[in-house]
Amino acid sequence: MEPNLFFMNGKAWPATDHLMVNKGERVKLRLINASSMSIHPMHLHGHTLKVGAIDGNRLPMPFSRDTVPLAPGERYDLEFVAKNPGRWSFHCHELHHADAGMGTLFRYEGF
Ligand SMILES: [Cu+2]
């Protein structure tokens, strides 16, 4: 049995797929770290993530990050504006997690 399972939109890798976005779209993400031990520094290329809530609590002053350090039990509500057409990697910066499937591509239509 695999000790690590990574789900995106209810599917575990390798059944996960790219996430399609359209230019100008506001993309919202909810990340949940259900593990008991691992921190997952989630990183998106080509865009900046805005952190709007942590653990279900809206932040009075949302802040921006390229990488969000998701600790065990934490939940982050993030968003970004799709304004950089292309194919952009979204992955855990613990690269052995990314190699095990903890990542995907945000893909604009036509790329
Ligand atoms: Cu990770």
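Whatever order the structure lists them in is the order used to number ligands and atoms, beginning at 1.
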Legend entry - Side-chain touch Cys92/Pro41, heavy atoms, less than 4.5 angstrom: yes
Which atom of [X] lies closest to which atom of [Y], heavy atoms considered:
X     : Y     : answer
His40 : Ser35 : NE2-OG, 4.1 Å
Gly24 : Val81 : O-CG1, 4.4 Å
Pro62 : Gly52 : CB-CA, 4.4 Å

Inset, instruction - Taking 2.8 Å as the upper limit, name the protein N, O or S atoms near the Cu ion (ligand 1). - result: His40 ND1, Cys92 SG, His97 ND1
Inset, instruction - Can you measure from NE2 (His91) to NE2 (His43) and round to the nearest 0.5 angstrom? - result: 5.0 Å
Inset, instruction - Please go through Trp88's hydrophobic cluster and name the other residues, only I, L, V, M, F, W, Y counting, with side-chain heavy atoms under 4.5 Å joining them. - result: Phe6, Leu19, Val21, Val27, Leu29, Leu31, Met42, Leu44, Leu49, Val51, Ile54, Leu59, Phe63, Val68, Leu70, Tyr76, Leu78, Phe80, Phe90, Met102, Phe106, Tyr108, Phe111
